Amino acid sequence: MNTDVVTFLYHEVCEDPNTTGFIRKSNLPYKHKSAEFIKNIEAIKESKIIPITINQIENKSTNHKILLTFDDGGKSAMLIADILEKHKWLGHFFITTSMIESSTFLNKLDIKELFNRGHVIGTHSHNHKTPFRNLSIEEMTKEWSTSIDILEQILSSKIICGSIPGGDMDKKSITSAKSCNIKYLFTSEPINKVWMQNGIMLFGRVCPKVGTEISKVRNFANNKGFVREKMIRKIKNFIKF
C-alpha cells in the first residue's frame, strides 16, 4: 500500500480511573478524562481526514488515511463510541476476552451493541500476557484462538483483526496470528506505514498518552512527526532491553 496510514491508539476515557479497564498504576497514563480525549478528537478532525475502518483500507486515496483503535475492552468503550459517533466516526475495539463481564470491562451485550453500531471488534488476546513476545508460539496461538472463539460466539461473525498486548511484535506473534486467520494485526511501533508479512497486513500506531500536547496529536493527524517518534521509541526499547 502506497498511502500512509496514521493509526491512533487509545485505551480508556473516564473521570475516575478506577471505574474502567485494568486497575493498576501502570495504566494511568492511558486513561484520559473525557475533556482531554475530546480535544484529541477535535485535533484529529482539524486534519480534514475522516477516519476509516479496516474494511475501507484498500480504498484508493491521494491523502493519508486515519484509523482509530482502542485496546483492552474497558467499559468506557461505550462512552468512547458515543463521542466518535457525534462525528459519525467509527473505531476499532480490541477486547481482552478473559475480562469480559468483570466489573470494569465490557460485558457481552456491550460488545454486541458496539458491533451492531458499526464499530470493528477485534481480539487483544485472552489473558493480556506481557511481554507477549516472551510467550511460545503455542501459547500465543492459544491466546489468539481462545479469544477469537469467545468473540465469534458473541457476535456470530468472523474476527479477522487483532492488536498485540503491550504492542511488542515479533515473528512468532505474526505466525501465530496467521494460524488463527487474523488478517489485520496492530502493533505499537510508531510508524505510518502498512506492510505485509505472512499474508497479514501489519499496522504501526501512535499512542497519545494523558498530557500529550494537542499540537503533537494535530501533527500526527496531519501525517507529521513520525521520524522523531520512531527515534524516541528506539531509545526506549534500547533502555528496556
Side-chain angles (χ1 to χ4, degrees), residues 6-47 49-54 66-125 128 130 151 161-167 186 188 190 203 205-221 229:
V6 177
T7 305
F8 285 93
L9 162 60
Y10 293 96
H11 292 74
E12 310 296 337
V13 176
C14 55
E15 305 311 312
D16 180 354
N18 293 316
T19 60
T20 184
F22 291 106
I23 311 301
R24 51 197 183 200
K25 188 176 180 180
S26 61
N27 286 89
L28 291 177
Y30 307 100
K31 296 190 173 187
H32 294 77
K33 290 194 173 180
S34 57
E36 183 179 12
F37 178 68
I38 289 169
K39 286 181 180 178
N40 274 239
I41 292 300
E42 293 293 344
I44 294 169
K45 189 176 181 180
E46 287 175 25
S47 71
I49 304 292
I50 298 173
I52 61 170
T53 55
I54 50 170
I66 293 178
L67 303 178
L68 302 175
T69 69
F70 304 88
D71 279 4
D72 292 349
K75 65 190 300 183
S76 71
M78 306 310 289
L79 170 62
I80 293 167
D82 289 341
I83 294 171
L84 297 185
E85 288 170 24
K86 287 180 180 178
H87 301 278
K88 297 183 179 178
W89 293 358
L90 297 171
H92 305 73
F93 293 89
F94 296 107
I95 313 298
T96 307
T97 48
S98 67
M99 303 304 294
I100 294 172
E101 303 288 348
S102 60
S103 61
T104 56
F105 284 81
L106 297 170
N107 60 41
K108 293 177 182 179
L109 290 177
D110 293 331
I111 294 168
K112 196 162 188 175
E113 180 182 333
L114 285 173
F115 179 75
N116 289 338
R117 285 161 66 173
H119 299 280
V120 176
I121 302 297
T123 170
H124 195 43
S125 82
H128 200 286
T130 55
L151 291 172
C161 62
S163 69
I164 299 172
F186 293 79
S188 295
F203 298 78
R205 296 187 288 181
V206 286
C207 180
K209 296 180 182 178
V210 172
T212 296
E213 292 182 6
I214 294 299
S215 59
K216 189 173 183 179
V217 177
R218 189 177 293 114
N219 279 339
F220 287 145
E229 203 66 17

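Predicted model, so just to flag it, every value in this text is computed and none were measured.
Shown here are the side chain to side chain contact (heavy atoms under 4.5 Å, CB included) partners of Ile50, two or more places apart in sequence or in another chain: Trp89. Listed by chain and number, the residues in a side chain to side chain contact (heavy atoms under 4.5 Å, CB included) with Asn116 are Lys112 (sequence neighbours excluded).
When side chains are defined from C-beta on, Phe220 does not count as touching Thr212, because their heavy atoms never get closer than 4.5 Å. You'll find the side chain of Ile49 stays beyond 4.5 Å of the side chain of Val6, heavy atoms only. Taking the side chain as every heavy atom from C-beta outward, Thr53 and Leu67 never approach each other to under 4.5 Å. Put simply, the side chain of Leu79 does not reach to within 4.5 Å of the side chain of Glu12, judged on heavy atoms. Residues Cys207 and His11 meet the side-chain proximity criterion, which asks for heavy atoms closer than 4.5 Å.
For the residue pair His32 and Phe37, the shortest heavy atom distance occurs at CB-CB, 4.1 Å. Residues Thr20 and Ser76 approach most closely at OG1-N, 2.9 Å, considering heavy atoms. Counting all heavy atoms, side chain and backbone alike, Ser163 lies closest to Asp71 at OG-OD1, 3.0 Å. Residues Cys161 and Val120 share a closest heavy-atom pair of SG-CG1, 3.6 Å. When all heavy atoms of Glu36 and Gly211 are compared, the closest pair comes out as OE2-N, 2.7 Å. Closest heavy-atom contact between Thr69 and Arg205: OG1-NH1, 3.0 Å.
In this structure, the side chain of His92 does not engage the main chain of Phe70 through any donor-acceptor pair within 3.5 Å.
Using the six-membered ring where Trp is involved, His128 and His124 have ring planes that are perpendicular, over 60° apart on the 30 and 60° scheme. Between His119 and Phe93, the angle of the ring planes goes over 60°, which puts this pair in the perpendicular group of the 30/60° scheme.
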Please determine whether side-chain contact (heavy atoms from CB on, under 4.5 Å) holds for the pair Phe186 and Ile164, giving the CA-CA distance in whole Å, both sets of side-chain angles, and the decisive distance to 0.1 Å. CA-CA 6 Å; Phe186 293 79; Ile164 299 172; over 6 Å; no
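From Thr96, atom OG1 reaches atom CG of Leu106 across 10.0 Å, with rounding to the nearest 0.5 Å. Between Asp82 atom CG and Ser34 atom OG the span is 11.5 Å, to the nearest 0.5 Å.
If you check the side chains of Asp72 and Tyr30, you find no donor sitting under 3.5 Å from an acceptor.
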